[in-house]
Amino acid sequence: MIVRDVICPFCACLCDDLDVHVEDGRVTGVDNACDLGSHKFMTDHRMKGPVRRTASGWEEIPLEEAIRETAELLEAAERPLLYGWSGTCGEAQSAGVHLAELVGGVIDATTSVCHGPSILAIQEVGHPGCTLGQVKNRADVVVYWGCNPQHAHPRHLSRYTTYADGFFVRNAFKERKVIVADIRGTDSTNLADEFIRLQPGGDYAVLGALRAIVRGKGDVVPPEVAGVSREQLYRIADLCKTAKYGAFFFGMGLTQTAGKYKNIRNAIELVDELSRHTKWTLTPMRGHFNVYGFNEVCTWMTGYPYAVDFARGMAFYNPGETTAVDILARKECDMCLVVASDPAAHFPAEAVEHLASIPVVQLDPFPNLTTAFARIQIPVAVSGIDADGTAYRMDGVPLRLHRVLDRGYPDDAGILLEITRRITGGGSR
Amino acid sequence: MRVILTAGPRKNPFIPVEAETIVPARFLQGVDGITVAAGNRILPLTDVFLVEVEGTAADPSGVEVVLRGDNSRLKRIGEYMEAGKIRVEGNIGMHCGNFMKGGEIEILGGADGWLGREMRGGRILCHGNASHYCGSGYRGEKHGMRGGYLEVRGNAGDFAAEYLAGGEVVIRGDCGDMPGVEMKGGTLTIHGSCTRPCGNMTGGTCTVLGSARGMLPTFRRTGTVVHEPGGVILTRFEGDVANRGKGTLLAREWQYTL
């Protein structure tokens with residue numbers, strides 16, 4: 001059987017044109033997806049059922065018991081941390097926020113280690129955004145700053161920019177100018193009409209210099225800014241000002257280098273400045289397929305996009321204080337529920353060290369590095385493959401993911417609601 | 001009146017304690033009924049501290065609160081305080097002196113992040129180092145510290161005096177990255193060195209008496225000034241021109257490279 005127009009639950013491009021071949025309850029082939037996406041569909045080493053760590057190894061336990069013990073651990077904790085959320089659908093994220101409020105915990109998503117700084121900057125100066133369809137049909141100048149879409153979002157260029165012909169951009173490959181800023185050459189910089197090769201940590205200075213040049217104050221700019229010549233900066237400023245429509249995309253090369261959210265703020269203010277001359281927009285290259293969704297869900301539920309602390313009964317938000325890495329590194333939390341993420345693979349050593357000393361429960365279809373720290377792991381259905389759900393694309397467009405097969409696993413939302421029901425005793429508290 | 005709070009042993013000393021109730025004025029009504037929050041539990045103050053009260057006071061300005069023991073996880077003390085004194089004999093946790101309007105806080109050790117956040121008045125003296133965002137604003141807040149005097153005898157972390165809008169911040173040691181970023185008023189004096197000062201500043205004066213590395217390319221050099229006392233010659237900059245800024249940045253030594 002071939003299931004058509006499937007949405008890919010890998011990255012936040014959420015490509016919606018996949019054909020998935022299903023036979024005997026297994027995916028046997030995927031058409032149109034990139035390597036990353038098809039690998040996710042084809043991976044077939046899921047865990048069978050819930051497991052619990054014992055002194056001598058792992059034991060299989062019934063789902064009911066795994067849920068009961070997780071509920072008990074959450075209730076006993078004085079500062080539980082509920083982390084992950086970017087690899088599951090909005091329905092589970094919503095159940096997670098309710099659960100965090102119920103147990104007085106801190107809920108944080110992988111946002112805090114990827115595009116969290118982008119949101120901090122957006123809270124300071126706003127978000128001149130657009131949908132990806134606008135970019136595809138209108139943009140004649142595209143900037144990729146501190147990201148490598150050829151490897152991280154392989155179909156971004158073919159669906160929305162360099163190789164995607166649009167209504168007003170009839171021959172995209174010829175008509176679209178691409179500017180790529182990075183500290184080193186990559187497969188994406190190879191495609192660039194202008195490659196801004198800057199020194200590590202030089203983003204803020206280069207963006208500031210571009211702002212000054214666009215404002216007509218280029219005389220203050222020194223001959224070289226973080227390894228980039230003033231001549232090139234003038235050339236880029238001209239290219240950007242004369243664009244019919246410009247789109248600025250950026251990745252972790254901008255959000256996670258020195259200055260963090262101030263880099264993004266400078267990029268947004270450059271886009272604002274350029275919009276005095278022509279039309280420019282800015283879009284973060286979000287990673288996981290529904291990491292944007294967590295920010296949406298958490299914002300409409302709590303008023304804040306991530307890193308929300310419910311310890312005092314109301315929502316408190318302060319990245320740097322209520323973010324998962326900081327809470328773990330300061331050894332604050334005494335229990336951790338990990339949902340649809342793998343912090344042990346991505347967090348700094350001191351944060352992971354603390355994970356080893358507290359009870360950890362993980363909801364994930366696959367064994368991963370965090371499994372090594374987990375007391376209990378409950379395998380769940382994969383959103384978009386064997387579970388339905390809503391996900392938000394990197395431009396904030398919500399899309400409904402449909403399952404392509406049923407493998408009999410419970411979904412994240414169902415388990416989280418069951419944990420909640422255990423804690424409240426069935427009623428509301 | 002002197003209130004001495006000695007932190008006792010806790011089962012899990014890493015769980016933060018939020019204590020916005022520890023302000024001098026609150027102790028005029030006695031110790032009973034004062035609570036703090038440890039993680040998601042509300043506890044009486046006396047569960048966390050050994051409390052000793054000496055003498056009496058007629059108003060908040062006559063109250064001195066002394067904190068002893070390990071208070072490095074104690075947050076939000078002196079929040080909205082208007083008068084009196086708090087003396088911390090050791091380190092203090094985050095958000096010490098949030099929105100403080102008057103009175104004095106003296107910290108003999110170091111302070112964690114957001115020391116004197118959005119302070120309006122009064123004095124804070126920190127003898128040790130202060131962590132990130134000292135004298136700054138809350139996330140997304142357009143104004144950081146608006147008034148008062150904040151002095152750090154040691155070093156300060158990144159983003160010191162972010163959004164500074166008034167008052168005076170003095171760092172005797174070094175600052176981390178981006179001190180005075182977005183500042184729009186007030187004065188910031190850094191006796192040591194720092195990187196990338198005053199990005200996007202629109203007003204106020206920042207003086208760097210050490211060296212400023214990673215100097216931003218969007219500041220216009222407008223001569224030199226002599227800094228007293230000592231007769232040190234400082235280069236004068238105006239900016240940030242990327243932001244139509246009219247701030248003043250004075251630096252003894254500066255370089256564009258980091």
Side-chain angles (χ1 to χ4, degrees), chain A residues 77-80 103-106 119-120 122-124 199-202 204-215 217-222 224-226 230 233 258-262 265-266 269-270 273 304 309-313 316-321 326-327 330-334 354, chain B residues 10-18 20 37-43 72-73 75 93-95 112-114 117 131-133 137-142 157-159 162-163 176-178 181-182 195-196 199-200 214-222 237-244 256-258:
Chain A
E78 288 178 36
R79 194 155 175 77
V103 299
V106 179
I119 296 175
L120 287 175
I122 287 166
Q123 286 170 334
E124 287 190 358
Q199 286 162 355
Y204 189 86
V206 172
L207 287 164
L210 283 170
R211 282 173 69 196
I213 293 168
V214 173
R215 281 199 60 230
K217 304 284 182 187
D219 59 309
V220 298
V221 175
E224 193 187 280
V225 180
R230 186 166 55 197
L233 291 173
K260 292 196 163 188
Y261 67 121
K262 293 301 175 193
R265 179 181 171 141
N266 236 357
E269 293 197 293
L270 171 64
E273 200 63 54
Y304 302 110
D309 181 356
F310 283 108
R312 306 291 298 272
F316 173 70
Y317 158 83
N318 192 17
E321 181 181 2
D326 302 272
I327 283 178
R330 288 196 301 265
K331 304 184 194 304
E332 279 182 25
C333 59
D334 52 354
H354 185 59
Chain B
R10 289 196 291 142
K11 200 176 84 208
N12 184 344
F14 296 113
I15 289 182
V17 176
E18 289 196 12
E20 70 279 12
N40 55 18
R41 312 288 149 108
I42 304 287
L43 303 174
S72 55
R73 295 295 165 104
K75 293 178 183 177
M94 292 181 191
H95 298 289
D112 209 335
W114 288 278
R117 183 190 114 194
S131 189
H132 306 313
Y133 291 101
Y138 174 64
R139 301 290 182 191
E141 193 62 60
K142 294 284 181 217
D158 298 342
F159 305 110
E162 184 198 30
Y163 279 109
D177 200 21
M178 296 192 158
V181 61
E182 328 286 351
T195 56
R196 306 199 285 181
N200 233 2
M215 180 70 201
L216 297 169
T218 47
F219 279 79
R220 189 182 301 283
R221 226 185 313 168
T222 55
F237 293 90
E238 255 177 45
D240 184 335
V241 302
N243 199 25
R244 304 164 180 81
Y256 283 121
T257 49
L258 272 165

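Letters go in sequence order (proteins before strands), and every chain restarts at 1.
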Which atoms of A/A77 come close to chain B, meaning under 4.5 Å heavy atom to heavy atom: side chain ones, backbone ones, both, or neither? backbone

For B/R221, is it the side chain, the backbone, both or neither that has a heavy atom under 4.5 Å from a heavy atom of chain A? neither

Polar side chain donor-acceptor pair, B/E182 to B/N200, under 3.5 angstrom: yes

Is B/H95 in contact with chain A via its backbone, its side chain, both, or neither, using a 4.5 Å heavy-atom distance? side chain

Between B/V181 and chain A, with a heavy-atom cut-off of 4.5 Å, which part of the residue counts as in contact: side chain, backbone, both or neither? side chain

Taking atom types as modelled, is there a side-chain donor on A/Y304 or B/R139 under 3.5 Å from an acceptor on the other? no

Engaged part of A/Q199 at the chain B interface, taking heavy atoms whose separation is under 4.5 Å: neither

Considering only heavy atoms, which portion of B/N243 lies under 4.5 Å from any heavy atom of chain A: side chain, backbone, both, or neither? both

Using non-hydrogen atoms only, which part of B/E162 is less than 4.5 Å away from chain A: side chain, backbone, both, or neither? side chain

For A/F310, which atoms come within 4.5 Å of any heavy atom of chain B: side chain, backbone, both, or neither? neither

Using 30° and 60° as the class limits, which term best fits the ring planes of B/F159 and B/Y133: parallel, tilted or perpendicular? parallel

Across all chains, not counting sequence neighbours, the side chain to side chain donor-acceptor pair (under 3.5 Å) partners of A/K260 are A/Q256

Honestly, the part of B/F219 sitting under 4.5 Å from a heavy atom of chain A is backbone

Test ring pair (Phe, Tyr, Trp, His ring centres under 6.0 Å) applied to B/F237 - qualifying residues, sequence neighbours left out: B/W254

Of A/R215, A/R211, A/K262, which meets salt bridge (Lys or Arg N to Asp or Glu O under 4.0 Å) against A/E269? A/R211

In terms of heavy-atom proximity below 4.5 Å to chain B, should A/V225 be classed as side chain, backbone, both, or neither? side chain

Salt bridge present between B/D112 and B/K75 (N-O < 4.0 angstrom): no

